[in-house]
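Protein chains get the first letters and strands the later ones, always in sequence-line order, with residue 1 at the start of each.
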Amino acid sequence: MAIEQSIDQQVALLMQGIEMGDEKLKEAMGKELRERLEDSQNTGVPLRVYCGYDPTSPDLHIGHTVTMRKLRQFQELGHQAIFVVGSFTALVGDPSDKDKARPRLTKEQVMANAKTYTDQAFKILDREKTEVRFNDRWLSGVTLEQVIEVASNFTVQQFLVRDNFSKRYASNEPIWLHEFFYALLQGYDAAELRADVQLGATEQLFNLLAGRKLQEAMGMKPQVALTVPVLVGTDGHLRMSKSTGNTIGIDEPPEEMYGKVMSIPDSAMSNYFRLVTRWTPDEVAFLEEGLASGDLHPRDVKMRLAREVVEIYHGVEAVEPAEAAFVHLVQEGGQPEDMPEHAYQAGTPLIDAMVDSGLVESKSQARRLVDQNGVRLNGEVVEDPNFNLDFQEAAVLQVGKRRFARLVRAQ
RNA sequence: GGGCGGUUACCCAAGUGGCCAACGGGGGCUGACUGUAAAUCAGCUGGCAUAAGCCUACGGCGGUUCGAAUCCGUCACCGCCCA
């Protein structure tokens, strides 16, 4: 059911948060979007709006949800969302988001990942109104002739202008020929899907524009390209991505999610407000002003952010327990309710139990941690790594702030 | 096909015969402090060993040497230039 809104309101909503890196381009796209929306209203034909996701890892993270949220907005206005699984493009490796060529995946990995991807995506998207497409369905059948035909629309110079290619070119890093094809493939997708609108992160702009160019060459009306800012990872600087290990997975348990949000640097909060919450621009502005003036405490604001993120993926009932766990564990330095259990033989040196329980990787590392006062047994800092375990009752082993195990003497 | 340069720990990168388990930076970990797992500061960051010490490691293999990440040979891979 399309929500009744004027075209003006719709454009304003859909363009909110769109960043094209160039005001003129953004204006032009906004104008094209308006035309499309008007056409759609007049003809009653919904717009075909697509976004592609390369299944390079088994899990989606909240970085992926930025474009999904935008897709969802289109859905709510009655348009057709198309979720494209890059089952073919993932094999090529997208050069956009890295300074280095990405390792290529096998077909099997890609298909396994695709399965979990789509399931997770429906936490955001309306399953009923989403068309899921796998791009190997059409791309794997493309002939060399067609490839050359498509390639004839582009020059090498156009590619070299791209920041991440020009950088690598300048620093003598390899630029693989197959990487050039990535943009062509995305363009091909756009044409195949007869897309009216394509969404992507700002770094994808080049690819989206390639789609426009190809559609035009094929006698179609070029799609509206809309890009959203990139979400930074938990480190606060780099793009959130599996390969840098700075992700917050949308399938992670509430406590984990809450804690990870709390671990982002204060400086990254604004990025998160805008990209991964349901807050309106007014609410965001209120928080930012409060932070700037000192009226709001950064920690409290971040907790608010953490609650919001947990609520989105786990529902409102998961929020309180997740926050309570955080307060207990981190702010009060308490112990978690659940911790893995490890059975030891009486007389086992503590250091061995640390390794055996999987809390540390080697005895050398365990020794170092003891030296650094990072190991506690029943709350007491351990001084002697060779201490022999022999407790009647279960003992709580703590390594650092976050790793716990319950040690139980074996019979 | 020819010439030149390169390959060092999770990443970047220094080291050109012994003082090298290998400078520095990033990341990660621990601690202190705090406002949180933020910021800041300090320490740690191959394995085994209570310790002395031992083992493994500077692309692979082989050699020179009392001794090699460092020299030589060869193979593999990468980059640049020429064709």
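- Rounded to a whole angstrom, the distance from the P atom of U34(B) to that of C20(B) is 39 Å.
- Proximity of Leu350(A) to Asp384(A): side-chain heavy atoms (C-beta onward) are nowhere separated by under 4.5 Å.
- Under the 4.5 Å side-chain criterion, counting only non-hydrogen atoms from C-beta, Gln331(A) is in contact with Phe326(A).
- A14(B) and C72(B): their C1' atoms are spaced 24 Å apart (whole Å).
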TODO: Using a 4.0 Å heavy-atom cut-off, write out nucleotides 38-49 of chain B from 5' to 3' as B (base contacted by protein), S (sugar-phosphate only) or - (no contact).
DONE: B----BSS-SBS
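- For the pair Lys401(A) NZ and U34(B) P, the computed distance is 13 Å after rounding to whole Å.
- Remark: A42(B) base-pairs with U30(B); criterion is Watson-Crick or G-U wobble with both hydrogen-bond distances under 3.5 Å.
- Going from the P atom of U45(B) to that of A51(B) covers 14 Å, rounded to whole Å.
- A21(B) and U70(B) have their P atoms separated by 15 Å, given to the nearest Å.
- Spacing between atom CD of Gln331(A) and atom C1' of C33(B) amounts to 16 Å, rounded to whole angstrom units.
- The pairing partner recorded for C20(B) is none, the criterion being a Watson-Crick or G-U wobble arrangement whose two distances lie under 3.5 angstrom.
- Residue contacts shown for Gly400(A) are limited to sugar-phosphate atoms, with no base heavy atom under 4.0 Å away.
- Side chains of His237(A) and Val232(A) form no contact here, defined as non-hydrogen atoms less than 4.5 Å apart.
- Using a 4.0 Å cut-off between a side-chain N of Lys or Arg and a carboxylate O of Asp or Glu, Asp266(A) and Arg299(A) do not qualify as a salt bridge.
- Summarising the geometry, the separation between CG on Asp371(A) and P on A51(B) is reported as 9 Å, rounded to the nearest angstrom.
- Sequence order on RNA chain B of the closest nucleotides to Arg299(A) and Val399(A) puts Val399(A) first from the 5' end.
- Distance noted for atom C1' between A68(B) and G62(B): 14 Å (whole Å).
- Pairing of G35(B), defined by two Watson-Crick or G-U wobble distances under 3.5 Å, is not identified with any nucleotide.
- Base-pair partner of G1(B): C82(B) (Watson-Crick or G-U wobble, both distances under 3.5 Å).
- Distance noted for atom P between A69(B) and G18(B): 10 Å (whole Å).
- The residues Arg239(A) and Glu203(A) are annotated as salt-bridged, a charged nitrogen and a carboxylate oxygen being separated by less than 4.0 angstrom.
- Side-chain contact between Phe206(A) and Leu209(A) is absent, with no heavy atoms from C-beta onward closer than 4.5 Å.
- With a 4.5 Å cut-off on side-chain heavy atoms, Leu37(A) and His79(A) count as touching.
- For Glu311(A) and Arg304(A), the salt-bridge test fails: no basic side-chain N is under 4.0 Å from an acidic carboxylate O.
- Whole-Å rounding puts the Glu332(A) CD to A37(B) P distance at 12 Å.
- Both distances falling under 3.5 Å, in either a Watson-Crick or a G-U wobble arrangement, place C71(B) opposite G63(B).
- Taking atom CE on Met269(A) and atom P on G35(B), their separation rounds to 15 Å, with Å as the unit.
- For the C1' atoms, the distance from A9(B) to A57(B) is 8 Å, rounded to whole Å.
- Arg403(A) comes within 4.0 angstrom of the backbone, heavy atoms only, and of no base.
- Rounded to whole Å, the distance from NE2 on His328(A) to P on U36(B) is 16 Å.
- Regarding Asn246(A), its CG atom lies at a distance of 14 Å from the C1' atom of G26(B), rounded to whole Å.
- Between U74(B) and G28(B), the distance separating the two P atoms is 44 Å to the nearest Å.
- Between Gly374(A) and Glu256(A), the one whose closest nucleotide on RNA chain B sits nearer the 5' end is Gly374(A).
- C58(B) makes up no base pair with any nucleotide shown, lacking Watson-Crick or G-U wobble contacts both under 3.5 Å.
- With a 3.5 Å ceiling on both atom-pair distances, A52(B) lacks any Watson-Crick or G-U wobble partner.
- Arg304(A) has its CZ atom 18 Å from the P atom of U36(B), to the nearest Å.
- By the ring pair (Phe, Tyr, Trp, His ring centres under 6.0 Å) test, Tyr313(A) pairs with no residue at all, sequence neighbours left out.
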